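Shown next, in structure tokens, is the structure this report addresses.
None of these values were measured; they are calculated from a predicted model. Values below: all heavy atoms of this structure, side chains included; hydrogens, waters and symmetry mates excluded. Residue numbers run from 1 in the order of the sequence given. For ligands, and for the atoms within them, numbers begin at 1 and follow the listed sequence.
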Amino acid sequence: MKRITAILMGIGISLAFAGCTSQSLEGQQEQVNFFGMDTYMTITAYGEDAGEAVEEAQARILKLEKEWSVTDESSQIYQANHSGGSPVTLSDDTRDVVSFALEMAEKTGGALEPTIYPVLEAWGFTTDENRIPAPDEIQTLLEHVGYEQVSLSGNELTLPEGVELDLGAVGKGYAGDAAAEVIKEQGVTSALLDLGGNIQAVGKRPDGTDWRIGIRNPFGDGQMGMLLASDCAVVTSGSYERYFVGEDGKEYTHIIDPETGYPVDNGLVSVSIIAEEGKVADALSTSMFVKGLEGAEEYWKEHQDFEMIAVTEDGDIYVTEGIEDQFTLGDSFGNMELHIITS
Ligand code: AMP
Ligand code: MG
């Protein structure tokens, strides 16, 4: 499997370097494959204006990546994180995504925590040199964590010394919305964007039927099930996406519980969110994962403006009632128990 992945990655890289677009025989489908925001992305659009649309969507995403990177010294987020408490002027996009992240942090009771970066760094998730920090190190770092410490006034962002932003949990979703917008502006009515597993559907398939969106199997390769959907975003957060095995033999995932500073370990292995907007789906996938099954159910019952598929490590699947009829479990997942969350 590793070899296949390596080959596929190789193909992704060569396409990215070639800046390649592929065209189907009918001349109706255009696709770009590229590496952006730390992941492989594929954008497919249909119809006369598809070529221009996919190129512009790719450019839009790469522009946002440059503004938000936590490692690129010229990015606005890097500059804010290293500003030593001085204000930094943001672009309108960066202002919007930061403002949205702060809004969702508040709405989710701090489960989404855009200032989690120092803790994430201590666990080595930013460098892939993972380690288990000492409890007092985590406690000290947690003093610099808290979205309430961020001040955004117009386009001016001020972070107190030691406070650092990480848009990892919402950026791809916002970028998906922005890219879908660019595609629609080109007159395209049918497109599918796959931003490293964050799916954004524009309209329906060219034949007028719903898109068939695969929901990743959190226990291994391939897909666990399939969702029929159109004009929406489907975003998944999973413990399998990035994790390390500590010296104690335990698995530690890249999503941190901001209350404790420790990687989430609440019995969930993945949460998929279906929402109108990518940024909402992305923010909720991460924060519902942090909240755990009960907390996520409660949040859904209170808001009900999104749908959710949550999978536990015991193999139970919880699906909100709004997508009960659109979601089908794959043939080899018959041993998993499907529960419907109702209001
Ligand atoms: P996602 O894949 O959308 O769930 O986002 C996960 C990423 O968001 C992680 O790799 C971190 O960069 C960041 N992150 C981790 N924990 C949190 C949290 N509680 N709130 C916000 N961002 C987080
Ligand atoms: Mg997310």
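Between Phe327 and Met224 there is a side-chain heavy-atom pair separated by less than 4.5 Å.
Considering Leu165, Asn155, Asp93, Val170 in turn, Leu165 is the only one that fulfils the side chain to side chain contact (heavy atoms under 4.5 Å, CB included) rule with Val98. The ring-ring contact (aromatic ring centres under 6.0 Å, His included) test with Tyr252 singles out one residue from Phe125, Tyr262, Trp123, and that residue is Trp123.
Counting heavy atoms closer than 4.0 Å to ligand 1, residue Leu112 contributes atoms from both its backbone and its side chain. With a 4.0 Å heavy-atom cut-off, ligand 1 is reached by no atom of Val235. Only the side chain of Arg242 comes within 4.0 Å of ligand 1, judged by heavy-atom distances. The backbone and the side chain of Ile255 each have at least one atom closer than 4.0 Å to an atom of ligand 1 (non-hydrogen atoms only).
Closest protein heavy atom to atom 4 (O) of ligand 1: Ser237 OG, 2.5 Å. Of the protein's heavy atoms, Glu113 N, 2.9 Å lies nearest to atom 20 (N) of ligand 1. Considering only non-hydrogen protein atoms, atom 12 (O) of ligand 1 sits nearest to Asp166 OD2, 2.6 Å. Among all non-hydrogen protein atoms, the one lying nearest atom 17 (C) of ligand 1 is Ile116 CG2, 3.8 Å. Among all protein heavy atoms, the one lying closest to atom 2 (O) of ligand 1 is Glu241 OE1, 3.6 Å. Of all protein heavy atoms, the one closest to atom 19 (N) of ligand 1 is Ile256 O, 2.9 Å. Of the protein's non-hydrogen atoms, His254 ND1, 3.4 Å is the one closest to atom 9 (C) of ligand 1.
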If you apply the rule side chain to side chain contact (heavy atoms under 4.5 Å, CB included), what do you find for Tyr174 with Asp282, and how did you get there?
CA-CA 8 Å; Tyr174 182 102; Asp282 203 354; over 6 Å; no

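Salt bridge annotation for Lys250-Asp265: present, with a cationic side-chain nitrogen under 4.0 angstrom from a carboxylate oxygen. A salt bridge between Glu137 and Arg131 is present, with a side-chain N of the basic residue lying under 4.0 Å from a carboxylate O of the acidic one. Between Lys279 and Asp177 there is no salt bridge, since none of the side-chain N atoms of the basic residue sits less than 4.0 Å from a carboxylate O of the acidic one. Between Lys66 and Asp72 there is a salt bridge, since at least one side-chain N of the basic residue sits less than 4.0 Å from a carboxylate O of the acidic one.
Listed by number with element, the atoms of ligand 1 under 4.0 angstrom from any heavy atom of Ala169 are 3 (O), 5 (O), 8 (O), 21 (C), 22 (N). Near Asp282, the atoms of ligand 1 lying under 4.0 angstrom from a non-hydrogen atom of the residue are 3 (O). In summary, the atoms of ligand 1 found under 4.0 Å from a heavy atom of Pro258, numbered by their order in the structure, are 19 (N). In summary, the atoms of ligand 1 found under 4.0 Å from a heavy atom of Thr286, numbered by their order in the structure, are 1 (P), 3 (O), 4 (O), 5 (O).
Annotation: angle subtended at the Mg ion (ligand 2) by Asp282 O and Thr286 OG1 is 90°, to 10°.
Close to ligand 1: Ala111, with a non-hydrogen atom less than 4.0 angstrom away.
When distances to the Mg ion (ligand 2) are checked against a cut-off of 2.8 Å, Val170 contributes no N, O or S atom below that limit.
Within a 6.0 Å radius of CD in Glu148, more than 12 heavy atoms belonging to other residues, nucleotides or ligands are found. Residue-environment remark: CG (Asp316) exceeds the threshold of 12 foreign heavy atoms within 6.0 Å.
Annotation: the span from His254 atom NE2 to Thr126 atom OG1 amounts to 13.5 Å, rounded to 0.5 Å.
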